[in-house]
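Working notes, structure below.
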2 protein chains.
Amino acid sequence: MENNSECINALLPVGDALDVISGKWKLLILISISSGNHRFTDIERSIPKISAKVLSKELKELEAHTLIKRTVYDQSPVLIKYTITPYTETLYPIIEELRLWGLNHRKVITGK
Amino acid sequence: MENNSECINALLPVGDALDVISGKWKLLILISISSGNHRFTDIERSIPKISAKVLSKELKELEAHTLIKRTVYDQSPVLIKYTITPYTETLYPIIEELRLWGLNHRKVITGK
DNA sequence: ATACTTACTTTCCTTTAGGTAACTACTAAC
DNA sequence: GTTAGTAGTTACCTAAAGGAAAGTAAGTAT
């Protein structure tokens with residue numbers, strides 16, 4: 001990233017990506033579902049501090065972006081499963097880089 | 001990411017990373033500075049839709065996290081330069097993955 | 001009939017983010 | 001002395017995000 005054409009080359013796509021996944025919760029929800037939490041209550045319990053209202057709203061947005069799939073199983077009580085899609089997996093490199101950076105950052109701020 | 005221990009292993013550090021860099025503007029500002037925009041007005045002009053107020057606030061937060069350095073040159077008119085730090089460079093892999101994902105995402109939503 | 005469970009939704013309220021526009025302090029140029 | 005540039009700040013207001021708690025619908029268990 002040395003010159004201005006690189007600036008515009010990065011600003012636009014990074015902005016596009018941030019429009020979809022920025023915010024506190026979306027990636028955490030995808031991590032939870034990817035790790036095996038498929039039901040609303042499971043996901044809610046796995047992510048500290050998230051509320052049902054926020055989870056509900058974020059799940060809808062993720063579904064709209066085809067980053068998760070919502071399936072209703074007609075049992076009783078009704079069973080609903082959220083699963084990842086092939087598109088979710090395209091985010092794994094981003095999640096992994098964030099995980100590595102976060103691990104190092106914690107070392108940095110706690111003074112190693 | 002298959003099981004619950006991987007869930008907690010990823011949720012915490014990714015959450016730490018998001019605490020520092022999430023939001024619409026911070027990564028875009030770092031891209032702009034990395035690309036050679038070092039002055040307030042240059043950065044402001046390089047990022048569509050950002051306002052002086054928001055830029056000012058975000059620059060302060062980035063400086064507090066040592067992700068940029070603010071230097072005052074005592075000339076006239078006064079010259080202030082924002083520069084990246086070695087710590088900024090540790091974010092490049094994240095930015096690059098976001099750039100690649102954003103490029104592909106635009107292809108996906110515009111129907112290739 | 002009552003209570004419980006799942007998967008949310010609704011209401012109310014507070015906080016945070018963001019936009020617009022005007023304003024400031026300093027200096028230089030005309 | 002008026003205009004212009006740099007680097008912001010301030011005030012005012014709206015919008016979006018988020019928290020807490022209660023409520024809802026549909027079925028199951030007792």
Side-chain angles (χ1 to χ4, degrees), chain A residues 4 11 14-33 35-65 67-84, chain B residues 11 14-30 32-33 35-65 67-84:
Chain A
N4 219 265
L11 279 180
V14 172
D16 285 349
L18 293 176
D19 282 344
V20 178
I21 59 162
S22 93
K24 276 168 69 174
W25 303 113
K26 288 199 181 59
L27 291 179
L28 302 183
I29 291 165
L30 293 178
I31 289 167
S32 178
I33 296 172
S35 303
N37 297 305
H38 298 295
R39 296 164 68 177
F40 191 93
T41 317
D42 293 339
I43 301 165
E44 188 183 2
R45 286 190 194 128
S46 73
I47 301 175
K49 310 272 186 179
I50 201 168
S51 70
K53 185 184 110 177
V54 168
L55 179 55
S56 174
K57 193 201 75 184
E58 301 275 299
L59 286 170
K60 280 174 192 154
E61 292 178 22
L62 288 168
E63 198 189 357
H65 286 293
L67 284 168
I68 55 172
K69 187 172 185 302
R70 181 181 190 271
T71 312
V72 180
Y73 295 88
D74 208 4
Q75 314 176 350
S76 68
V78 66
L79 176 62
I80 289 161
K81 285 198 178 184
Y82 296 94
T83 48
I84 62 168
Chain B
L11 278 180
V14 172
D16 285 349
L18 292 176
D19 283 344
V20 178
I21 59 161
S22 94
K24 275 168 70 175
W25 302 114
K26 288 198 180 61
L27 291 179
L28 302 184
I29 291 165
L30 295 177
S32 178
I33 297 173
S35 303
N37 298 304
H38 298 296
R39 296 163 69 176
F40 191 92
T41 316
D42 293 340
I43 301 165
E44 189 183 0
R45 288 192 193 127
S46 73
I47 301 174
K49 311 271 186 181
I50 201 167
S51 69
K53 184 183 112 178
V54 168
L55 179 55
S56 174
K57 193 201 75 183
E58 300 276 298
L59 286 170
K60 279 174 191 156
E61 290 177 21
L62 288 167
E63 198 189 357
H65 285 294
L67 284 168
I68 55 172
K69 187 170 182 307
R70 182 183 190 270
T71 311
V72 180
Y73 295 88
D74 208 2
Q75 314 176 349
S76 68
V78 67
L79 177 63
I80 289 160
K81 285 198 177 184
Y82 294 94
T83 48
I84 62 166

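Quick note on labels: first sequence line is chain A, next is B, and so on, each numbered from 1. This is a predicted model, so every value here is computed, not measured.
From B/Tyr82, atom OH reaches atom CD1 of B/Ile68 across 6.5 Å, with rounding to the nearest 0.5 Å. For the atom pair B/Leu27 CG and B/Ser32 OG, the distance stands at 12.5 Å (nearest 0.5 Å). Taking CZ of B/Phe40 as the reference point, atom CG of B/Leu59 lies at 6.5 Å (rounded to 0.5 Å).
In this entry the distance linking CG of A/Asn37 with C1' of C/dA7 reads 15 Å, nearest Å. In this structure, A/Glu58 atom CD and D/dA17 atom C1' are separated by 9 Å, rounded to whole Å. The distance from atom CG of B/Leu18 to atom P of D/dG18 is 12 Å, rounded to the nearest whole Å. Between the P atom of D/dG19 and the CD1 atom of A/Ile47 lies a distance of 12 Å, rounded to the nearest Å.
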Notebook entry, point to check: What string of B, S and - do you get for nucleotides 4-16 of chain D, 5' to 3', when a contact is any protein heavy atom under 4.0 Å?
Noted result: --SSSSBBB----
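Residue B/Trp25 places at least one side-chain N or O under 4.0 Å from the OP1 or OP2 atom of C/dG18.
When the nearest nucleotides of DNA chain D are assigned to A/Lys24 and A/Gln75 by heavy-atom distance, the more 5′-ward of the two goes with A/Lys24.
Applying the salt bridge (charged side-chain N to carboxylate O under 4.0 Å, His left out) test to residues at least two apart or on different chains, the pairs with a partner in residues 19-28 of chain A are A/Lys26-A/Glu58, A/Lys26-A/Glu61.
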Next item on the list: Just do the side-chain contact (heavy atoms from CB on, under 4.5 Å) check on B/Val20 and B/Leu67 with the steps written out, would you?
Entry: CA-CA 10 Å; B/Val20 178; B/Leu67 284 168; 3.8 Å; yes
Margin query: With side-chain contact (heavy atoms from CB on, under 4.5 Å) as the criterion, how do A/Thr83 and A/His38 come out once you've worked through the C-alpha distance, each side chain's angles and the decisive distance to 0.1 Å?
Written below: CA-CA 6 Å; A/Thr83 48; A/His38 298 295; 4.0 Å; yes
